[in-house]
Amino acid sequence: MSCSLIAEMEMRGSEDVEMGQDITPPFPPLSFSLHDSFLLSHCSACFSPLPLRPTFPHIPLPLPPYLLSYCSPRCSSSDSPLHFSSAEFHLLRSHPSSFGESSDLRAALRFLHSLPASCRSVPNGRLAGLLTNRDKLLARTGYDEEFVERIRDGARVMAAARKMREGYGSSEPNDFVLEEAALCLVLTNAVEVQDDSGRTLGIAVYDPSFSWINHSCSPNASYRFFLSSPPPCCAQARLRIVPCARHGLETQIESGVCSISELSYGEMRENNGPKVVVRSIKRIKKGEEVTVAYTDLLHPKEMRQLELWSKYWFICCCRRCSSSHLTYVDHILQEVSPASLQSSSLLSGQDIYINGTIESLTDHINDAITEYLESGDSESCCKKLEDMLTQGLLYEQLGGREEKSQPVFKLHPLHYLSLNAYTTLVSAYKVRASDLLTLYSGMEEHHLEALDLSRISAAYSLLLAGATHHLFQSEPSLIASVANFWIGAGESLLTLARSSVWSIIVKCGLPATNLSYTLSKHICSKCSLMQKFIAILHHREVQSTDLENISSEFFDCVTNITQTVWGFLIHGCQYLRAVKDPIEFSWLGTRKDSSTRDIQPHLGSSAVVSYHGDEGSFSVCEAHTCIFQVGVHCLLYGGYLACICYGQHSNLITHIRNILDPEECLINRFHETDK
Ligand SMILES: [Zn+2]
Ligand SMILES: [Zn+2]
Ligand SMILES: [Zn+2]
């Protein structure tokens, strides 16, 4: 992608657009490649997972590593010619494994091959209109030697492969300026292609109409990929954005640059590779610049700046980055607080000390997460993360020489590291619950323990969604994250409510229908979430006022029900007991307009732990009903937001409908088999 400041190109709305509209047709990629680790498991032409045993080409497994795998004869016949003619084949065959990841080199080779001969010079540092950034990237010589070496070596390997394809044997190429430019272009413009589960499969380079969209940390658009053909409504979308020179009025593309239509962009390639569609997530006025995010919007400012600088070589000057005080969201995302009032005296003016603390906290949390991902030891991960969240860091962990082993700093419960920790805890507790159920399938006491673990997993997912929602209220561009977290919370809560273990606790016997709650049996008399969700499934247009209304209806309803059941959900979990409400955060006493470091103790030992709902008189049946209701609210609201971000026909929406009403889904399946 091109970038602010260096790009000079931008895209603007060519008409007024409401939120939740596709503003480009699906763009096929100019070049794309799977990451090395997916070459044997996914189709190299369409990125879809391969059937267990790939049938094309008909070569006994394992395939030699330089042959790509395809899911179908169609994919094979449309892509394998390019695999050979671009010299990707030659590169893979001669590629030294010590070189590491080859996807950027392969994408660059494919890109070069589709460039017409007339475009093979690099005027103004652009190829086919796309910025190469070659001069900037190679200028890192001196302090990022490894990076520069990789570009130079990569270009040499590419040039050698191209020579080999032309039949010059393996003679050393003497000039690889073009290869360098293509590789830099890929490094600058390629986007990571994700599947529905958010896994990054590979990279792709797209049309300038996409690549010229600049970054903002508070963007008004987002993009999504289609690995298979997009649904008709999306395929018919018009291009509603126009290119514009950043500091001028003319929309003329610089002369001396070949236009995209000159690329050999023929029939064959139209069907290949993951397509991308850009969608408005806010209202965009005619003439307003359209922006997307190149980095994680839930990272605090300094971290985003660092990521953008090291990857794209620019300093972000968006509204969120350039305001004279940190925005509320950026302030919260990086806030640490002293663990007790006594230690707050240590704080004043000791910025270096604080920076060291944050570094140390980051390391401890990231280590625990990495260790979990590598070893799968979910129990030790839960303990480490919860200790860190509850106690903060101790002097000794900071390398302090003081004798006392008192906690010094704690993360704000909405700090970005806390959010990362919650994400991991949701998964780790869920894994522990399902491990218990598999290991001791016939033993009642283990079933109860598994239910406890699922309960805590669901509580963390609710806190994660509530915390992100709190930030979303000040930063509307977080809509996609908040949609995903609400859906995750809804799914966890409904899975919990539908667990068969409930029948063990309630010896008195739950009504049978309670265990198989379905959508048709849920009508909330206090809100119109269900009607609004069904309406958005059938209508395309959403106005920002609709979103405001549904958000406040949802918020009122869900905070009410949550208050009665939160104490039950978090029972036995030390960290969560200090979280008085997972959605409504006024108990934190944070000041919205605060621009200074907030050093109030938040979760210190003196904090009074209060419960909403009296556990004694609160019946398990009631808790069960509340969990179901909160779950349905979360799913409906998350689904509404997901319609805005991803469209009504996204797989995520189908997934939500299946969870909400498994019976309806069953009925649909019967209908399908009848046909
Ligand atoms: Zn395929
Ligand atoms: Zn920014
Ligand atoms: Zn309601």
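When a ligand or atom number is given, it counts from 1 through the structure's own listing order. Scope of the values below: all heavy atoms of this structure, side chains included, with no hydrogens, waters or symmetry mates.
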Requested in this report: Kindly give the atom name of the N, O or S atom of H633 closest to the Zn ion (ligand 3).
Outcome: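 For H633, the N/O/S atom sitting closest to the Zn ion (ligand 3) is NE2.
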#### Entry: N-O pairing of D330 and R304 below 4.0 Å
yes
Does E88 come within less than 4.0 Å of R106, counting only side-chain N to carboxylate O?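 The answer is yes: the pair qualifies as a salt bridge.
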Within less than 2.8 Å of the Zn ion (ligand 2), the count of protein N, O or S atoms comes to 4
_If you apply the rule side-chain contact (heavy atoms from CB on, under 4.5 Å), what do you find for S528 with E553, and how did you get there?_
CA-CA 8 Å; S528 57; E553 264 192 80; 2.9 Å; yes
C524 SG to C557 SG via the Zn ion (ligand 3), rounded to 10°, gives 100°
| request: Give the intermediate values and the outcome of side-chain contact (heavy atoms from CB on, under 4.5 Å) for residues L187 and N133. | output: CA-CA 9 Å; L187 293 174; N133 246 358; over 6 Å; no
Looking only at atom types and distance, does a side-chain atom of D195 sit under 3.5 Å from a main-chain N or O of G198, one as donor and one as acceptor?
yes
**Prompt:** With distance as the sole test, does D79 use its side chain to make a donor-acceptor pair with the main-chain N or O of S76 at under 3.5 Å?
**Reply:** no
Exercise. For Q305 and E307, run side-chain contact (heavy atoms from CB on, under 4.5 Å): C-alpha distance rounded to whole Å, both residues' side-chain angles, the deciding distance at 0.1 Å, then the answer.
Key: CA-CA 6 Å; Q305 295 274 2; E307 287 159 354; over 6 Å; no
At the Zn ion (ligand 1), SG of C71 and SG of C46 open up to roughly (10° bins) 110°
